[in-house]
**Q** 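My structure is below; once you've seen it, I'll send some questions.
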Amino acid sequence: MQTKLLVEYLKNYRGRPLKLMEVCGTHTAALYRSGLRNLLPAGIKLLSGPGCPVCVTPTAYIDKLVALSLQPGTCVLSFGDMLAVPGSKASLLSARAQGGHCDFFYQPEDVLARAAREPETTFVLAAVGFETTAPVWAALAATVLAQGLTNIKFLTALKTMPQVLDELCRTADIDGFLCPGHVAVITGSESFRPLAERYHKPMVVAGFTPELLAAALCRLVRAASQNEAGLWNEYSTFVKPEGNAKAQALLRQVFAPGPASWRGLMVLPASGLYLQGPYAKLDAGSHGLDADQIPAGCSCGAVLTGQLTSRECPLFGTACTPSHPVGACMVSSEGSCRIVYEEQG
Amino acid sequence: MQMQIEMKHGAGGAATEALINSIFAQYFQNETLSRMEDGAVLPELTGSPVLTTDSFVVTPLFFPGGDIGRLSVCGTVNDLACMGARPLYLTAGFILEEGLELATLERVVQSLAATAQEAGVQIVAGDTKVVERRHAEVGTVTKENLGTGSTNLPSPGLFINTTGLGVRPAACRIGASQIKPGDRILVSGTLGDHHGCILATRLGLQTSLKSDCAPLNKLVAALLAAGIKIHTLRDMTRGGLATVANEVAAASGCKIIIEEDKVPVRAGVTSLCGLLGLEPYTMGNEGKLLIAVPADQAEAALHIIQAQPYGREAALVGTAHSGSGVFLQTALGGLRNLPPLRGEGLPRIC
């Protein structure tokens, strides 16, 4: 019942036009699945941010994975979405067709059994993700080091949210943010407060069910329409103000921050996580993969920063489709362009 | 007696005969087959013959709620039933890898025979071939030996092809292109059970999920016997409801709107979907039909299906309109596109 009222509030919003951004790819997908997006009036524009790890991966990283997959005795393992992302010349899938070795997993820790079974193969894990997934990679790296396994390596493209959000607050004309709920589980809701205060923006930590999304969006619309800045936690069942201290400690133990390249954006200082200290020897060459050879016309960067909607990209739906993706945003099931394409056909 | 399949079992000689006598003949007993001829001579048929074939490569061979034997009957019987045909005869071709345990083969054959009996069809011809062993872990799939990816699935060691023959009245017009605007769309039960069960088994997850693998010819026969004018019938196998609905909407030149809160999905499937970022609409089923009927017969059809053992959780889930595409009316009241499954989905699901 309460959700119905919230949806009615959103549907009938006639206040000042708002440009809001959901940063997290899982939010983009959940907003689509719930049908909430299509209920919003013209005055509420929802933009999808750089919160899908596949979408923000530069071509240099894909190229490195492709090269590794073609090396004898090496097998690249990645999340399924990553396989189809085009690099500057090839994707992992097309490399596989040329004899490259790659496969996908649901759980990164599956590699432990596989590496024990195939000791002559070096497995390179495509370790992508944000603060949410990074602890999983950290725990796996710790296990690999503790067990002295020599045939598991990591090619990391791990990124952190505060720096890119800071960049968006500074440069993009956005009235408020739905903050990523899963990231906040690890970092804590308070991690977003400094940005909300520095840039005077409303920020709402949101969950993923239709009900939680409706509640968070209402909170955000109300605050933004009244020019009210601040931080609200609408996912408090799982998100604590201080976050998950154990996971944070593990991240600090295994990784050190460093510059990272975001597809279509730029290299943002201290926005990446890299294996450090004793863990650094598990790294398969993750530093300096900054080059981002965006194909002509591809507007992933402008889409990810809210400057263009997916539809405004000249390649959308013509040269770039889920069957023939040009940019990474058309590949992942959490990619903004893929979702818009599927949502509206 | 040898406990494992060897190359000689497929050579056509004495070992093949011994295998046939010890396993196949024991479970597939009928007059046509016991003549041991090169082909089955069948009685004359009344009505239009309907012929279909399907191959089964599922991994693992045994899963909660079924196995490759049961699946190989249900898949083919359901294809015939979806054409409005009464399934009568099946052929069964087995491709075995050397090293397969005979006990495994026997379990599969036994299950295949029992399912054929349940569906009321006769196995009237068969074939057995043996191929070289290709993988170390033939016949067993465990969490340890499986990365769940598409390229490293160990071979199950056993593949089956079944071909089915049925008859339908010459006047029957059931087909993918027959949906009319105004038709109601039913599903015969919960979505995603088979897909969820196979996925959970491969991932080594403890769940209560069971495959829905079942022969649905009697359910369809009950509808036809009651005079329900079925326009379209489809089994929602690979690609699930979303894919099948898109196929029939395109073939019929109409638009289908599915209501999210009417679609039956088990809690276990919903949880698994949440965990893995899947949707029940594109998950495969092995015992669920999409049925389009005229609106004035929809309630009657629903009651008939719900009275059938494999249709208790059937539901009216949508309506056909003029236009094109398939849409989901969400529980919040939004309308969104419901595209077919793209890409690979889950390999080796059936």
Side-chain angles (χ1 to χ4, degrees), chain A residues 3-4 6-8 10-11 25-26 29-40 75 77-81 83-84 93 96 101-108 110-118 123 208-211 213-214 321-323 331-334 338-345, chain B residues 135-137 142-154 199-200 202-205 242 246 249-250 255 257-261 270-282 323-347:
Chain A
T3 302
K4 279 220 165 73
L6 296 170
V7 171
E8 284 306 306
L10 291 169
K11 272 163 87 172
T26 312
L31 283 163
Y32 156 58
R33 288 182 178 176
S34 68
L36 201 51
R37 220 168 235 286
N38 295 335
L39 291 172
L40 298 179
C75 178
L77 299 176
S78 93
F79 288 114
D81 283 353
L83 296 179
L93 277 183
R96 185 160 86 185
H101 295 97
C102 65
D103 205 349
F104 69 87
F105 53 71
Y106 280 109
Q107 318 173 83
D110 288 348
V111 72
L112 295 172
R114 211 166 156 197
R117 208 164 62 237
E118 299 170 47
F123 290 93
F208 298 88
T209 64
E211 295 75 20
L213 278 168
T321 64
S323 318
V331 178
S332 167
S333 55
E334 298 195 344
R338 166 83 181 253
I339 288 170
V340 172
Y341 187 91
E342 309 247 305
E343 186 173 354
Q344 291 160 359
Chain B
H135 292 266
E137 301 101 349
T142 65
K143 193 183 174 192
E144 284 64 42
N145 69 16
L146 187 67
T148 73
S150 55
T151 56
N152 64 331
L153 282 181
L199 192 51
R202 285 199 207 157
L203 291 173
L205 298 174
N246 273 281
K255 173 166 84 178
I257 297 180
I258 304 287
E259 294 169 67
E260 184 176 36
D261 52 8
T270 306
S271 306
L272 191 70
C273 284
L275 209 61
L276 299 172
L278 302 171
E279 285 203 288
Y281 310 110
T282 46
S324 62
V326 177
F327 297 86
L328 188 74
Q329 176 94 52
T330 68
L332 284 188
L335 196 66
R336 67 154 164 116
N337 195 18
L338 194 61
L341 176 70
R342 274 184 230 282
E344 205 170 49
L346 185 65

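What you see is a predicted model; the values in this text were computed from it and never measured. Below, chain A is the first sequence line, B the second, and so on; all start at residue 1.
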**Q** Looking at OG1 of T330(B) and OH of Y32(A), how far apart are the two atoms once the value is rounded to the nearest 0.5 Å?
**A**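 With rounding to 0.5 Å, OG1 (T330(B)) is 11.5 Å from OH (Y32(A)).
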**Q** Taking side chain as everything from C-beta outward and backbone as N, CA, C, O, which of these in F208(A) sits under 4.5 Å from a heavy atom of chain B? Side chain, backbone, both or neither.
**A**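 Nothing of F208(A), per the 4.5 Å heavy-atom cut-off to chain B.
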**Q** Any chance you could measure L338(B), atom CG, to R33(A), atom CZ, to the nearest 0.5 Å?
**A**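 Output value for this atom pair is 10.5 Å.
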**Q** Which bit of L335(B) comes within less than 4.5 Å of chain A, counting heavy atoms only: side chain, backbone, both or neither?
**A**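 Contact with chain A involves the backbone of L335(B) alone.
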**Q** Where on Q329(B) is there a heavy atom nearer than 4.5 Å to chain A: the side chain, the backbone, both, or neither?
**A**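 Neither part.
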**Q** Considering residues at least two apart in sequence or located in another chain, which fulfil the salt bridge (Lys or Arg N to Asp or Glu O under 4.0 Å) criterion with E259(B)?
**A**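 E259(B) satisfies salt bridge (Lys or Arg N to Asp or Glu O under 4.0 Å) with K262(B) once adjacent residues are dropped.
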**Q** Tell me which of these, G274(B), G325(B), P339(B), has more heavy-atom pairs under 4.5 Å with chain A than the rest.
**A**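 Answer, by heavy-atom pair count under 4.5 Å with chain A: P339(B).
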**Q** So what's closer than 4.5 Å to chain B heavy atoms on S333(A): side chain, backbone, both or neither?
**A**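 Neither; nothing under 4.5 Å.
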**Q** Say you draw a straight line from CG of L332(B) to CG of N38(A); how long is it, rounded to the nearest 0.5 Å?
**A**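 If I round to the nearest 0.5 Å, the distance is 11.5 Å.
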